Amino acid sequence: MCSTQKSLMATEYSTEVRMEPIEHRFNPYQDNGGTILGIAGEDFAVLAGDTRQTVGYSIDSRYEPKVHDVGDNLLLSANGFSADGVELVKVFESQLKWYHFDNNKKMLVHSAARLIQHMLYKKRMFPYYVSTILAGLDEEGKGAVYSFDPVGSYEREQCRAGGAAASLIMPFLDNQVNFKHQMDPESKGTKRRPLKYLSLDEVIELVRDAFSSATERHIEVGDGLQILIVTKDGVRKEYYPLKRD
Amino acid sequence: MSLRIVPEEKQLTDAKNTQFGPAAPSAPGVVDTLRSGEAPLSISSKVNNRHPLQSRIEKWDQTQRDLQLETYRRTFGVADPIRREMELNIVKETDFRPTLFGFSAITSPSLDILLNKETTIGWEDIYTGFNDAKPTDFHTEMEKQMGI
Amino acid sequence: MPGLSFENFQRNEYLVNQAGFKPPRATSTGTTIVGCRFKDGVVIAADTRATTGPIVADKNCEKLHRISPKIWCAGAGTAADTEMVTQLIQSNLELHSMSLNREPRVVSAMQMLKQHLFKYQGQVGAYLIVAGVDPTGPHLFSIQAHGSTDIGYYMSLGSGSLAAIAVLERDWKQDLSKDEAMKLCATAIQAGIFNDLGSGSNVDMCVMEMGKDAQLYRSFMTPNVREKKQRNYKFARGTTAVLRQSVFDIVEVVKEEEIPVGSSDAMDVDH
């Protein structure tokens, strides 16, 4: 981390003011761009992510999948600093294995969420630089999406976008999934449009449009879109190409 | 006399009291705040913390002019630059400024020609600043009328 | 003071250093631009993406600027600077050529640009490729923001310059034909578009050939057309909340009653 205090070294006689932040410490973090998106349906959940990995203005990889099927019908993705993301998923998978040895049963999605919270909070003082999304089915078989901040604060939600273009996608989701700012056309603009579960096909269409739109306006999003879909029958993967510029 | 191409990058090390505002006629050592209409001037703010480019841009044209005159002096003798400066001053002072020929409060084709600027255009010609030529203020007007 | 204003410098220094404000970000044309000479002409090309930080500010901006009818220039760096500096030099070159009654020369444009940029010590962030044809032949120059210039047969500038120069170094040869040069420039720009995040969208191109009018090819190539959206986002009428409604008459409506001529009622009044 570098000091946020700008060094100001102007004397009465100097003609220039230095304004670069002075780096006092080794900075082990990096931003690898990319965006992820999770949506929960009635009997399914999807977790999608683009496959581009970047550093600055360079593309490191056009196909580096970051949404993982970690077993037990759970999908996990940690977006941001990709090394931390990979680490988090690996540690989770190992913890899951131990959970199986110790308890001899599948891990439920709410337990997985709590586990991830502790994995993140353990590193409170040296955090994983990631925004994490977990998707799965709850005990009633309903779709569940849990989203986490870098140090473990989490919440179950209907939908959540994370990563570079999260601020571009989230308002779109609010409007199209949770029908925010939409009135019931029948009521001539006086009553809120009632909420309803979207079908899997509708959700996949929304996800594809969200990513193709984010690709248009965010330079770190593109190349490919992988969508993982979890239903009671297991996990299915889909891949769609995105623009490569 | 030097042959400088670009303005010297020198920060002021001292400043006179009246360097940044008009001196009062009755007390030539202090700034006439009554006349300038400004609050007491902070000289340090006029000297310190200026943009590194500001003085360079402000002194740019004069430096080029000085270089040219100095070259003329060395080539043709001192009479040449003196004549040029005199001509320049005559044109500056003239009252004959017909708008028909492109004169205005800020532009003067004659001046442009003498300065060899009649076929160039710079930011100074586009961003002319607010009308710098302030109308003579009340105090000056009174002093003039009363002959003080 | 006339000229570029330094008025708010001290205030802004305070805002940034003491009051914790962030300085505003100018739109930068992250950019790949290239230029290439051919047998009796010169061609320049550019991508069309403009960015503010990681956000694409303009998907189809114009980075090819006209300095005179046969002298064009491609700009990288701060969008406003490349635009304004070429406009200023465009005016100067026009005045200059009217004063001398000669066609403007590319070297003059380059000299004016470098002198202007040198004066501003690189603070005017314009990185330019200047190209054109004049009575002395075709010319190709590049200019850095600090005022240094280069002459070359092929060159690239901007954040995608490394991708572009790789292509130019691989494929360039002496005495290319016009079509070969155009193709080479387009390929070089595409390398930037696809491999540099600061560059994207389309390829613009300008070809200047001896004895001919300069040809601008806006959207010479469009390798990044957006696919059709999966869904239709047209909202049904009534989706927008109605909070309040007031109706105004644009004109005053006066109702007139028609009274038939010669009606007996009208006559009665007089009696």
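Naming convention: chains lettered A, B, ... in sequence-line order (proteins, then strands); numbering from 1 in each chain. Remember, predicted model here, so these are calculated numbers, not experimental data.
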Looking at OG of A:Ser167 and CD1 of C:Ile55, how far apart are the two atoms once the value is rounded to the nearest 0.5 Å? 6.0 Å

Can you tell which part of C:Ala57 gets under 4.5 Å to a heavy atom of chain A, answering side chain, backbone, both or neither? backbone

Separation between CG (A:Leu206) and OH (C:Tyr233), nearest 0.5 Å, reads 4.5 Å

Using non-hydrogen atoms only, which part of C:Asp58 is less than 4.5 Å away from chain A: side chain, backbone, both, or neither? backbone

If you take all heavy atoms of A:Pro185 and C:Thr239, which pair is closest and at what distance? CG-OG1, 4.0 Å

When the 4.5 angstrom heavy-atom criterion is applied to A:Arg192 and chain C, the contacting part is neither

Report, by ascending residue number, the residues of residues 233-245 of chain A in heavy-atom contact with chain C at a distance under 4.5 Å; give 'none' if the set is empty. A:Pro241, A:Lys243, A:Arg244, A:Asp245

Just wondering, are more than 12 heavy atoms of other shown residues or ligands nearer than 6.0 Å to OH in C:Tyr153? no

Below 4.5 Å, heavy atoms only, C-beta onward: do C:Asn195 and A:Ile59 meet side chain to side chain? no

Pick one of side chain, backbone, both or neither for A:Glu186, based on which atoms fall under 4.5 Å of a heavy atom in chain C. neither

Side chains of C:Lys229 and A:Glu205 in contact at under 4.5 Å (non-hydrogen atoms): no

Steps toward side chain to side chain contact (heavy atoms under 4.5 Å, CB included) verdict (A:Thr190, C:Val242): CA-CA 6 Å; A:Thr190 51; C:Val242 178; 5.7 Å; no

If you compare all heavy atoms of A:Tyr57 against all heavy atoms of C:Gly198, which two are closest, and at what distance to 0.1 Å? CD2-N, 3.8 Å

Should we count NZ of A:Lys196 as having more than 12 external heavy atoms under 6.0 Å? yes

Distance in Å, A:Met183 CE paired with C:Phe235 CZ, rounded so as to fall on 0.5 Å steps: 12.0 Å

Choice from A:Gln176, A:Lys191, A:His181, A:Arg193 maximising heavy atom contacts with chain C below 4.5 Å: A:Gln176

Proximal component of C:Glu227, with respect to chain A [non-hydrogen, under 4.5 Å]: side chain

With only heavy atoms counted, which part of C:Arg231 is less than 4.5 Å from chain A, the side chain, the backbone, both or neither? both

What residues of residues 207-225 of chain A make heavy-atom contacts with chain C at a cutoff under 4.5 angstrom? A:Arg208, A:Asp209, A:Ser212, A:Ser213, A:Glu216, A:Arg217, A:His218, A:Ile219, A:Glu220

Over 12 non-hydrogen atoms of neighbours within 6.0 angstrom of NZ in C:Lys178: yes

